[in-house]
Amino acid sequence: MRKEIMLSTLGLRAGYGGKPVLQGLDIEVRQGEIVAVIGRNGVGKSTLMKSLIGLVPAMEGSIVFGDKPVEQLSAFKRARLGIGYVPQGRDVFPRLTVGENIAVGGMRAGRVTEADRERVLGYFPILRERWSQRAGTLSGGQQQQLAIGRVLVANPQLILLDEPSEGIQPNIVQDIARIMVQLNKDTGVTVVLVEQNIDMIRAMAQRCYVMDKGRVVAELTREGLADGEAMRRHLAV
Amino acid sequence: MDVGTLAFSALYQFGDAFAFLVLSACGLAVIFGMMGVINLAHGEFIMCGAYVTVSAAHAGVPLPLAILIGALVSALVGAVVEILIIRHLYDRPLDTIVATWGLSLIFTQGTLIVLGSTMTGVGTPFGSFTVGDYSYSLYRLVLCGMAVLVIIGLYALFNWTRFGVMARATIQVPHMAAALGIDTRLVYSLTFALGAGLAGLAGGLYAPTMTLVPTMGTTFIMEAFVTVVVGGADVFLGTAPAAAVLAVVKATMTSWYGQLAGQIGLLMAVIIVIRVLPRGISGFLLRERA
Amino acid sequence: MNALSRFFRRLEGPQTLGRGPGFWVGFLVVLAGACAYPLFSDGYTVGNTVYFFTWIFMALGLSLIWGYGGSLSFGQTAFFGIAGYAYGILTINFGAAYGFTFVALLFAVAIAALFAALLGYFLFFGRISGVFLGIVTLSITLVLERFMAQTAGPEWKIGAARLNGFNGMSNMPPLTLPWPGGDIVLYPDVQLYYVVLGMLVLVYLGLRILVNSPFGNVLVAIRENPERAEMLGYDIRKYQLGTFVIGAALAGLSGVLYTSWGQYITPSSMGMTAAALPIVWVAVGGRSDLTTTLVGTVTVLAVFQALTIHGSQYALVVMGVMLVLTVLLAPRGLIYALARLVARPFSKRASNGQPGDA
Amino acid sequence: MPMLQTLGLNKRFGGLHVTNNVDLTLEAGEVHCLIGPNGAGKSTLFRLILGEHLPSSGAILFGGEDITSLKPFQRIRRGMSVKFQVPGIFKALSVRQNLEIAMQHHYDPAVLAEEIDKLLEFLNLTEDSTRLAGNLSHGQKQWLEIGMAISLKPRLLLLDEPTAGMSPEETHATGEMVKRLNAQGMTVLAVEHDMAFVRQVAQQVTVLHLGRVFAQGTIDEIVANEDVAAIYLGQTTAHETAHEPAGAPHA
């Protein structure tokens, strides 16, 4: 594991309107890591992801990506720096074809090259079959693969993955977890994962932050992740 | 009169109405479809295009080029308006209507003050031709062709160009488009400018056929509104079919009872359509969720 | 007794800004000033002031529909025009004797309200809202204007009343009070001033009671969150329709008063520019409160008239600029912003001093 | 007679089959919880019951009456009431006004103020009665909306994630409140993620998965169900033996 820090937040407060959801949050992610963020519903996990990509404004504190403070940048500029965001609920462009969705993903890097497209299709062969189909007609699992492929095509250094297992059949969840691990091995891409599915967290994450009420309240190592009792307590299931 | 000339006459009336509806509405539809903004200054962008076209023509510029200049100037004004005003109001659609209405007042009255109550126009080019006992204006056929060209052009722009795909992505899921590196503000500015430019094009195209007065925009806007409301948010699935349906209504009513009846027919059509298909024709075709 | 006192207690409440003794003292002072005003002025100027007043009803109606109910209607001048023409047609045909002008007033307002009910049924029961409501109402207004503008031919007459196309109708009798010893004809002068002022006070207070009543509560609830309002068991379409009809009736009242004031009405009173003006008054004043709407309307009209005298062309440009700036800088209205600024220290003390609402 | 019954309920959005042949029965007087992974179709089922969506096919009976085609406000008038996931309150109005709007047609005007005071106390919002609802804390907003829902004195109370964003103490207090309302005879259907809450209140639990009824039973039956564990609860026993994903990295 390399030592360079890819992403860090310090005292991050962010949210909508008057009351911040994140209340002074510190995390640190090293290059090449897969780090999970867990916690009960409503503790601010998705808000964290949105504020990292810039869809929720930071009120206070810093977000550093690579060696660049990005908390003042708008979302599209952060994306152009190399952050790929796969949102909760996937948010594929429903009336664009699969191919067009991939093309939009590649726009920040200019045009999608043949090689990049083939690489993505190598990981997600189903997308080739559905290439000219409207994304809105895909199943949930296929949409999730498209959403990941869509950020992958632009070669991001960091992928923010928000609840990828939501509403998806267990076998596809396992596929996605496997592919993400493979990707991480192949390309060294850093991943921040918000997830509630314990299987998926264990399959993917090397480390894990536990959030409560807008703050990080604990950190689990890989060994900690294996401890079922602790996990269930933190997820409050 | 034989069946052939009768059919031609009906087709000509339909084509004329269709062209007018498409050209009046497409700029409004692009802006509404993309941003959910109803631009009440739409008529004034049309007026702007007409005035610029005629001024350029008076200055010796050939008419086709003059029309193009008219459209470009309108687009430019549109971009400025977007940056100064519209941009700040995206989350307040009703206020956007109110603000663009303020603009409409300013433009209309401003034009009246600066350029006076009327402007000498240019004659309708190309002359006319006869079929059977009636004579028809050739320029109307050109307008008809232009309407079809505009639809095809917009289709190509939104489906085959980088900007088009970006723009469609931005309408569908704006926050996600931003998160994928698209400068959505720029896309909105360009789209508004495109809508304004299309309005200017309509103005330029119709300038040779009508008297230029500062309030000429009102001639277009009711038709434009009705087409957009009936069509719904999608330019291709909505505006074009809506224009076709409404053109039949308008041409029929107009040829039977005169122009006013045509407009009343349109209004009845819109009230009925809105009652049956609240999201317009394109909403029905797409059967969007919720 | 109890019910009656509750009724009057609704003169103030959370839906209206002005409350407490301070406000009512101010209200009485202004009212006294308004009553005394003709004593210090000549009949012509007083008659002009009535002209201002005639518009306020329409503005208050729009405030109710848009500011309280959250539905933007661009069609207020359509109801204004319909009622104006109806008054003209009725009085030209039946004359002004036996107080018929006031019967005509009621009929004209009722016709406008009926038209609104019919239109509103299609709109609200079709769940038309937001920008579409604005577009459809505006389109209807414009078509109505064009319809009236092409009625120049002699075939366009109803009884003795010629519609006269673009030039409009004129010479209908003004409002006439039947009076023992000779009817009082209400030309734009002091008598008309008092009659309209009386109507204005009644309508203003009546609307205050309405918006602070359960009906008003539901109306504001629909503006804030239509889904929740429905989930409390309210058929929101009926409330929206009711509001629309009331607003239309008020616009109709404005139309009748305007027609009888100047003894003419033209199609351009329904045109694009005319339709924009109520929006300007209400938006600039502060649509979500009756008092700020009233004050705003009078202020904007006064500014407008001053501008018209000094440079008539620029008046509409200034209106447009005012509208754009208000939307950008003070979305809830200029007068509203001012009123909040003035009221803030008081309201703080009030809420500290007495728990519960005043 | 059951309080609520859905018969073969289906809902499709375009190509998406969100609710798939759902049969759900709520007996009068029970607290019934609906659980399942995100995207399982819980919210859609909820909106079908409320009438915000109309089903593609199937029927809904409420107290034996077919309400399939009734509008939401008509269902409310027949004795349903709802609290949404995102608090649907009137943000620009005071807390008191919010309750007044909810209650004004159900109580005599003479006692309305008094009833509002009682409810405010029940909700622990007495001191906040003049504040704008939009300025309340997240938990308080949830409470206010629950208050608006129960002020209609419904026969059936629908709760969509009533404890979302609440602290464990607040969650527990909400659970106690639901039990008290149930003791007064109210039937409750709650969509909930928080299993502690479900365990606290539920007499019956239905698990939805991919739009279908996946399992049904008491809380203990559901917790013991291995299939449910696999798709949703992620029980350790089930997990560590059979469900290790193929691609899991080895420590």
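Below, read A as the first sequence line, B as the second, and so on, with proteins coming before strands; counting in each chain starts at 1. Everything numeric here is computed off the predicted structure, so don't read it as measured data.
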Would you find more than 12 non-hydrogen atoms of other residues, nucleotides or ligands less than 6.0 Å from [X] atom [atom1]?
| X | atom1 | answer |
| --- | --- | --- |
| C:Phe122 | CZ | no |
| C:Tyr121 | OH | no |
| D:Glu114 | CD | no |
| D:Glu121 | CD | no |

Looking at every non-hydrogen atom in both residues, tell me the closest pair between [X] and [Y] and how far apart they are.
| X | Y | result |
| --- | --- | --- |
| C:Tyr234 | D:Phe73 | O-CB, 3.4 Å |
| D:Lys71 | C:Arg237 | CE-NH1, 3.1 Å |
| D:Ile89 | C:Asn225 | O-ND2, 3.5 Å |

Is there a side-chain contact between [X] and [Y] in this structure, where contact means two heavy atoms from C-beta onward sitting under 4.5 Å apart?
| X | Y | answer |
| --- | --- | --- |
| D:Gln104 | C:Val218 | yes |
| D:Phe90 | C:Arg223 | no |
| C:Leu232 | D:Leu152 | yes |
| C:Asp235 | D:Arg77 | yes |
| D:Leu158 | C:Met231 | no |

Chain C contact via D:Glu127 - which portion, at a heavy-atom distance below 4.5 Å: neither

Side chain C:Glu224, main chain D:Ala92, donor-acceptor under 3.5 Å: yes

Heavy-atom pair count under 4.5 Å with chain C, highest-scoring of D:Arg78, D:His105, D:His106: D:His105

Interface residue of largest heavy-atom contact number with chain C, from D:Ile101, D:Asn98, D:Val82, D:Thr126, under 4.5 Å: D:Ile101

Residues D:Arg75 and C:Glu230 bridged, charged N to O under 4.0 Å: no

Criterion side-chain contact (heavy atoms from CB on, under 4.5 Å) on D:Leu93 and C:Gln15, from CA distance to verdict: CA-CA 9 Å; D:Leu93 307 182; C:Gln15 250 75 268; 4.0 Å; yes

